[in-house]
Amino acid sequence: MTETHDGQRFSEPGNDSAVMNAWERFLDGSGRPDDALRSLVEGSWRRCRDHNVDPDKRSAPPPLTESRLESLRHTHAELLEASAPIMACARDFLAETGTVMALADTQSTILSMEGDTRTVGAAENIHLLPGVSWTERICGTNAIGTALAVGEPVQIHSAEHYCAGIKRWTCSAMVIRHPIDGEILGVVDVSGLSETYNRQSLALVVTTANRIESRLKMRETELRLRLLETALPYWSSGTDTVVLFDRRGFPVKANNHAQAVLTSLGADLDLAQPRRIPALAIDGDPAELPPWLRPDWLAPVEAQGERIGTLLILPLPSLARVRKQPDQPREAPSAGFANIVTGDRGLQTAVRKAGQLARSKVPVLLLGETGVGKEEFAQGIHRASPVGDGPFVPLNCGGLSRELLASELFGYVDGAFTGARRGGLIGKIEAANGGTLFLDEIGEMPMDLQPHLLRVLEHGEIYRLGENAPRKTNFRLVAATNRDLRQEVADGRFRMDLYYRVAVTSIRIPALRDRPGDVPRLVDHFLAHFAERHGLPVPSVDEAVLARLASYEWPGNVRELRNVVESMLLVSDGEHLTVDTLPPEFEDMPMPTQPAVTPLNSPGRITDMEAELIRRTIADTGGNLTRAARQLAIAKSTLYQKLRDYGLYDEVMQQRGQRLSAR
């Protein structure tokens, strides 16, 4: 069996008869269900019995009226907007599969549904429709209601449903959480008749929920930038002590001695680990304000007549007492890089260098391939820097049109161009004031935008698009690229003066294939992370799996490994990760073996023996230096150095030539 802390992770269709017998015994009270029943399902059945759910129920209740459903959709407009493109894709990738995808709110009421049109008719028979609530209290055990009840990924198959009329169905669901504080916002479900059962449905809903959460995060970032821009005058005045709350009552920024003032007032609010104050949400109840907070300290933040947040203006008398308190010691520079897992000397050196550079405000250029963790380094530099309490604002310069990148960087004023947002937009540079601006893939910035960025860096002034008056800005720049910027300068694709401005200091982050010893560490790290996230135990990993992972090229580096580990965890039996859980690209990989090295003909100098070993390995690999370095268990950079030392480059070219001619 696949055991988790609350029973099997996946349903087992082969156990249907035993589960049905367990259901009948459970209903007549003749004994505890046997081991065929997962504890997740048994717990749900017990809740259903406590709520007096009718086990003979044939369907869910009728749907809401169209007007009430539209009102409900309006309430959850943000969730629907974030999920719209994902749900639209379901029309295509679920076509002909016999399954449908449903999005429901926190009351288990379905808001929208897409998928195989042939299944819609069968779904109507049990009222699996928009406007219908599938909570456990009404419909018994089902993926939507049970996922919301336990807050975890759930798969419910056939006889595991509590109500008799739904036992012909199989379903998988995952909750959708708010990207800031993890509050559950809804649930996404994939359902079909029993014969459509597939373990991968659980991974599908988890991935779908993650995609929706990513879109919500992008939207949240946009709204916060707008809020910060509107509230900017309160920070520029420098007189009041204020805390800014977003529309959900979550603190997003505070100035000066705000934490100490809050502490002096007896407030249970730690700005270092912020949490929501529901009464400060736009739709919150003022009667539920905390005892320490007086209503007259609050001021709404509005933009174009719409309330977008709340300011807490703390009483000034407390400020005088607070200023006498000593400043809190800052984190040690290394603390900002605690999330970087490595035992590799090269990467450890890069971390130490980043910690040292974090103490200053000079620009830093991060060099490395896609996926090596450049943004993690940038965040570490920010956290350990003098501006660590300010905002961290990332922007990827690649993949955006020239016009979109310009508006994202510099912002624009109302009416700057056709289609401009009413009221204008604060740019990422301005939003990073007092903090860190992280420009990823800076090598892809169009040439005509580069002088504008250079002016900002040299003069500390920014002009929004369509504006003639400059705005002062002060931020720490961290840039990153996977290109050779020196070569880009030589080829005329990057300005030399901007290069020397952004590359005052640089850090090279080694690729994952050059530090294979980190693969097992990262696997353990990601397994612990995703097991906690998905409510699973941490499985053991077969040596054959680690061997294949260590032998893989990892073109996507750590980001790719992270995705592979999450996928393996979700499709595993919960106890072991075996080669069967590896993604398809690993199926054709040969099992790694140690290089067959025949004894050398005669003893000699160590350097001669090493050169001979490298020569034979180059021959074995046909001049493939990546494979050769792996077989020799050395870094690729070390192999290059030894090729120079022993004059073996000609042999590499010879082996490659033989390999090409043999094709």
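Atom CD1 in Ile426 sits 5.5 Å away from atom CZ in Arg464 (nearest 0.5 Å). Taking NE2 of His178 as the reference point, atom CG of Leu79 lies at 10.5 Å (rounded to 0.5 Å). Between the CD1 atom of Ile184 and the CG atom of Asp181 there is a distance of 11.0 Å, given to the nearest 0.5 Å. Interatomic distance, CD1 of Ile180 versus CZ of Arg276, reported as 11.5 Å (0.5 Å rounding). In this structure, CG on Leu103 lies 5.5 Å from CE on Met87, to the nearest 0.5 angstrom. To the nearest 0.5 Å, atom CZ of residue Arg248 and atom CG of residue Asp283 are 10.0 Å apart.
At a threshold of 4.5 Å between non-hydrogen side-chain atoms, the residues Ile308 and Arg247 do not count as touching. Looking only at side-chain heavy atoms (C-beta outward), Val351 and Phe377 come within less than 4.5 Å of each other. At a threshold of 4.5 Å between non-hydrogen side-chain atoms, the residues Val387 and Lys361 count as touching. Put simply, the side chain of Leu293 reaches to within 4.5 Å of the side chain of Leu298, judged on heavy atoms. Side-chain contact between Val502 and Leu457 is present, with at least one heavy-atom pair separated by less than 4.5 Å. Looking at Leu129 and Ile110, their side chains never come closer than 4.5 Å, going by heavy atoms from C-beta outward. In this structure, Pro394 and Asp440 have side chains that are not in contact, with every pair of non-hydrogen atoms separated by 4.5 Å or more. Using a 4.5 Å heavy-atom threshold, the side chains of Arg215 and Ile86 count as touching.
No side-chain donor-acceptor contact under 3.5 Å links Thr109 to the backbone of Asp105. Of the possible donor and acceptor atoms, none in the side chain of Arg476 sits under 3.5 Å from a partner among the backbone N and O of Thr436. Put simply, the side chain of Ser567 never gets that close to the backbone of Asn563: no donor and acceptor are under 3.5 Å apart. In this structure, the side chain of His127 engages the main chain of Ala60 through a donor-acceptor pair within 3.5 Å. In this structure, Thr263 contributes its side chain and Gln259 its backbone to a donor-acceptor pair below 3.5 Å. Side chain of Asn474 to backbone of Gly434: no donor-acceptor contact under 3.5 angstrom is found. Using a distance-only test at 3.5 Å, with no hydrogens or angles considered, no donor-acceptor pair links the side chain of Glu441 to the main chain of Leu395. No donor-acceptor pair closer than 3.5 Å links the side chain of Ser44 to the backbone N or O of Leu40. Counting only distance, with no hydrogens or angles, the side chain of Thr146 and the backbone of Ala143 share no donor-acceptor pair below 3.5 Å. Judged by distance alone, with hydrogens and angles left aside, the side-chain atoms of Thr135 form no donor-acceptor pair with the main-chain N or O of Ile138 at under 3.5 Å.
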Problem set entry | side chain to side chain contact (heavy atoms under 4.5 Å, CB included) assessment of Glu467 paired with Phe410 | CA-CA 10 Å; Glu467 188 175 55; Phe410 304 105; over 6 Å; no
Problem set entry | side chain to side chain contact (heavy atoms under 4.5 Å, CB included) evaluation trace for Glu566 with His534 | CA-CA 10 Å; Glu566 183 177 22; His534 298 307; 3.0 Å; yes
Exercise. Yes or no on side chain to side chain contact (heavy atoms under 4.5 Å, CB included) for Val456 and Leu409, after CA distance, side-chain angles and deciding distance?
Worked result: CA-CA 11 Å; Val456 173; Leu409 269 174; over 6 Å; no
For this session: Apply side chain to side chain contact (heavy atoms under 4.5 Å, CB included) to the pair Asn142 and Asp189, showing each step before the final yes or no.
Result: CA-CA 10 Å; Asn142 70 92; Asp189 164 86; over 6 Å; no
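In this structure, Arg137 places its CZ atom where only 12 or fewer heavy-atom neighbours from other residues, nucleotides or ligands lie under 6.0 Å away. Heavy atoms of other residues, nucleotides or ligands lying less than 6.0 angstrom from CG of Asn468 number 12 at most.
For the salt bridge (Lys or Arg N to Asp or Glu O under 4.0 Å) with Arg226, the lone residue among Glu306, Glu220, Glu302 that qualifies is Glu306. Partner of Glu70 under the side-chain hydrogen bond (donor to acceptor under 3.5 Å, both in side chains) criterion, out of Arg68, Arg73, His74: Arg73 alone.
The two residues Pro274 and Phe250 have their closest heavy-atom pair at O-CZ, 3.6 Å. Smallest separation of non-hydrogen atoms from Pro537 and Leu569: O-CD1, 4.4 Å. Nearest heavy atom pair, residue Ala104 against residue Ile144, reads CB-CG2, 4.1 Å. Looking at every heavy atom in both residues, Pro251 comes nearest to Phe245 through N-CD2, 3.6 Å. Of all heavy-atom pairs spanning Leu202 and Val205, the tightest one is O-CG2, 3.1 Å. Taking both residues in full, the closest heavy atoms of Val187 and Ala173 are given as CG2-CB, 3.8 Å, listed atom of the first, atom of the second, then distance.
Using cut-offs of 30° and 60° for the angle between ring planes, the Phe530 and Phe526 rings count as tilted. Relative orientation of the Phe392 and His382 rings is tilted, given thresholds of 30° and 60° on the angle between their planes.
A salt bridge is defined here as a Lys NZ or Arg NE, NH1 or NH2 lying under 4.0 Å from an Asp or Glu carboxylate O, and Glu461 with Lys472 meets this definition. Salt bridge status for Glu78 with Arg219: absent, with no side-chain N to carboxylate O gap under 4.0 Å. With respect to the salt-bridge test (charged N to carboxylate O, under 4.0 angstrom), the residues Glu136 and Arg46 do not qualify. Taking a cutoff of 4.0 Å between a charged side-chain nitrogen and a carboxylate oxygen, Arg533 and Glu213 qualify as a salt bridge.
No side-chain donor-acceptor contact under 3.5 Å links Ser201 and Ser172.
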